[in-house]
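One structure is given here, and the rest of the page talks about it.
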Amino acid sequence: MEPVTQATSAAVGSVIKPPKSQSPWALARRKFFKNKIAMISLVFLIIVTLLSIFAEPLTIPVEETAKINLTQMSKEPSAEHFFGTDKSGRDVFARTLHGGQTSLLLAFSITIAVITIGSIVGATAGFFGGWVDNALMRFTDFMMNFPFLLFVIVLKSIFLESSTATLIFVISVLSWTGTARLVRSKVMAEKENEYILSAISIGCSPFKTITKHLLPNVMSTIIVQATLTLAVMIVAETGLSFLGFGVPMNIPSWGNMLQEARSPDVLTSKWWIWIPPAAVLTGTILSINFIGEGFKDAFNPKSNR
Amino acid sequence: MNTEVKETTTNIRDKRNNDVLLEVRNLKTYYPIKGGIFRKTVAVVKAVDDISFEIKKGETLGLVGESGCGKSTAGRTILRLLDATDGQIIFDGEDITNIRGVSLRKVRKDFQMVFQDPYASLNPMMMVGDLISEPIRNFTNRSSKDLKPEVMELLTKVGLPEDAYYKYPHEFSGGQRQRIGIARALALRPKLIIADEPVSALDVSVQSQVLNLLKELQDEFDLTFLFIAHDLSVVKHMSNRIGVMYLGGLVEVAEKSSLYAEPLHPYTQALISAIPEPDPRKKKERIILEGDVPSPIDPPKGCTFHPRCAHAMPECQQVKPTLKEVKPGHRVACHLYN
Ligand SMILES: Nc1ncnc2c1ncn2[C@@H]1O[C@H](COP(=O)(O)OP(=O)(O)OP(=O)(O)O)[C@@H](O)[C@H]1O
Ligand SMILES: [Mg+2]
């Protein structure tokens with residue numbers, strides 16, 4: 001190409017300003033921001049997350065929340081203790097915020113791990129097919145058929161120093177299979193499109209074909225799956241901790257706090273001990289689900305008005 | 001559209017020389033059909049079954065045949081997007097049938113494809129500017145920004161406005177998308193372009209525009225084309241030579257003039273008789289083919305066309321005819337010409 005033509009077209013090119021982007025992402029984002037329920041949910045989730053992250057400067061340090069105070073047992077809400085105290089005299093407001101930190105950290109970490117493992121396994125199996133797919137999917141089936149609860153309980157008793165990190169690890173290792181299957185089937189469908197052949201024919205490596213062409217087109221599915229996983233993992237933490245197999249007892253979490261409601265006395269007459277964590281938990285799960293619905297709607301080309 | 005498309009005969013034929021750019025020898029591509037719990041191969045689809053032809057530098061070979069006869073499979077196999085079951089693909093003197101990895105990626109810049117479906121062949125998530133510069137970025141370490149002037153020039157060449165650069169595929173019509181696909185295929189200045197029914201998904205009104213564009217670009221960039229189509233009238237205006245496919249095999253290859261003036265294979269004769277005659281005063285006898293195209297999983301023995309052929313002889317049910325030169329430059333696979 002002659003330099004002259006290059007220079008002229010460069011001059012013409014620089015005159016044209018990028019218009020308001022019509023990229024599928026930008027369109028989906030705009031649609032999501034217009035969704036009132038999803039936006040309210042998002043604001044709620046952000047507030048809960050921020051309150052949990054800044055639990056320490058807002059309330060007492062986390063070590064204090066575990067201290068038993070026999071002089072302050074089961075006190076009703078007051079100016080000193082916004083949400084009252086529990087049966088061991090611990091401040092329920094501080095424990096709700098610190099508990100949120102534990103529960104959300106756990107759920108977010110597991111979700112990131114599950115989505116990462118699931119997407120890598122699913123995309124690899126779906127893209128390459130053949131024996132790669134066979135091997136990976138047999139392994140996925142194997143992991144899927146593990147009795148989840150039993151495995152958590154056994155592993156938790158092996159790792160005696162059961163910490164939050166162990167729990168994150170164990171649940172992540174056991175929970176990526178559904179995502180892997182979903183991503184695989186989505187990739188297999190998407191792979192049939194000629195743009196994948198086109199990517200290969202212009203010299204993209206398999207890695208680049210997957211990351212630059214395939215994944216952006218299955219990303220909407222992955223994001224929706226991530227929100228679902230997040231909600232499920234918050235419930236899982238609560239369930240396991242409620243049963244006593246979750247987060248260690250000395251660390252506040254929403255599940256550990258709800259465990260106190262197992263006593264009928266607390267459940268019926270000391271409502272302030274369990275209502276706050278239960279309410280925040282419910283609100284959080286609901287808002288995550290609404291956000292997920294919002295994503296689903298925003299990514300769906302058919303719901304374009 | 002017949003009237004709007006420029007005749008090629010004069011301006012392109014001079015450009016042909018005798019150097020062969022692509023040679024395909026006894027190419028076969030079978031799709032395995034897996035079944036049962038162990039996913040064993042239970043049958044094969046013989047999508048391309050033993051085809052041989054060559055394309056000279058600067059010429060256009062048209063490949064025609066009904067839907068499902070294996071045209072796309074042949075094109076994709078030649079460009080190494082599918083693995084050949086057997087045979088050889090010799091491109092520019094190099095046997096590329098079995099090369100892999102980096103060396104395969106290196107030859108890819110010399111041949112490109114224009115795809116059939118403009119709605120599925122462009123990544124919807126990518127900006128048009130990035131779509132067109134991507135092939136060049138794959139082979140150099142130049143950035144999108146750096147390549148912008150070249151992309152703008154390509155956009156102009158394929159007849160798109162420069163502000164298309166910032167748009168996304170969904171903002172364009174089918175014909176415009178096909179132009180984007182053509183710009184993308186051109187970006188690497190390939191020697192060979194395989195156009196796989198590039199206009200069959202488009203409105204009739206825009207078909208001829210895209211065909212004319214392809215011809216102009218062929219002149220400008222000295223391109224060699226393998227032009228795939230399912231209908232003879234489109235191929236006629238694009239090609240120097242034409243190959244007719246039936247059920248995975250090549251039944252006749254000839255110069256365009258020779259093929260239209262004197263089709264030898266009964267299948268080609270039927271195809272040509274089906275082309276609508278623009279002049280209603282001319283009487284033409286239309287040959288109607290009996291029956292359906294058999295399955296490529298279990299093709300008929302002998303000549304694959306014999307169950308539908310009006311001239312079938314006992315020999316046709318037993319012996320598969322091979323392509324033989326019957327007249328200079330005119331090859332046919334049919335026992336009638338032994
Ligand atoms: N992935 C596949 N697996 C199994 N069979 C296939 C596959 N792709 C194509 N086929 C079969 O191979 C044969 C040839 O298909 P191909 O797409 O090459 O035909 P074509 O001539 O391009 O048809 P069209 O005009 O419809 O594009 C058909 O019978 C088709 O059903
Ligand atoms: Mg096809």
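Proteins come first, then strands; the chains are lettered A, B, ... in the order of their sequence lines, and each starts at number 1. Please read these numbers as outputs of a predicted model, since none were measured by experiment. Computed from heavy atoms alone, side chains included, the values below leave out hydrogens, waters and symmetry copies.
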Rounded to the nearest 0.5 angstrom, the OG-CG distance for B:S72 and A:L197 is 10.0 Å
Between B:R80, B:M113, B:K109, B:Q116, which has the largest tally of heavy atom pairs under 4.5 Å with chain A? B:Q116
Find out whether A:S205 and B:R105 are in side-chain contact, i.e. whether some heavy atom of one side chain is under 4.5 Å from a heavy atom of the other. yes
Shortest non-hydrogen pair, B:N123 vs A:K212, comes out as ND2-O, 3.6 Å
Would you check if B:E134 and A:C204 make a side-chain contact, meaning some heavy-atom pair closer than 4.5 Å? yes
Taking A:E194 for its side chain and B:L122 for its backbone only, find out whether a donor-acceptor pair lies under 3.5 Å. no
B:D95 atom CG: more than 12 heavy-atom contacts under 6.0 Å: yes
Polar side-chain atom of B:N138 near backbone of A:I202 as donor-acceptor pair, under 3.5 Å: yes
Taking all non-hydrogen atoms of both residues, which atom of A:G203 and which atom of B:F139 are closest, and how far apart? CA-CZ, 4.1 Å
Do B:R184 and A:S198 have side-chain heavy atoms sitting under 4.5 Å apart? yes
Test item: B:F115 and A:S201 side chains (from C-beta on) under 4.5 Å apart, heavy atoms: yes
Does any part of the side chain of B:M125, heavy atoms only, come nearer than 4.5 Å to the side chain of A:M219, both counted from C-beta? no
Is the shortest side-chain heavy-atom distance between B:P124 and A:Y195 below 4.5 Å? yes
If you count the non-hydrogen atoms of other residues, nucleotides and ligands that lie under 6.0 Å from CG in B:L104, is the total more than 12? yes
Can you check whether A:Q22's main-chain N or O pairs, donor with acceptor, with B:H170's side chain at less than 3.5 Å? yes
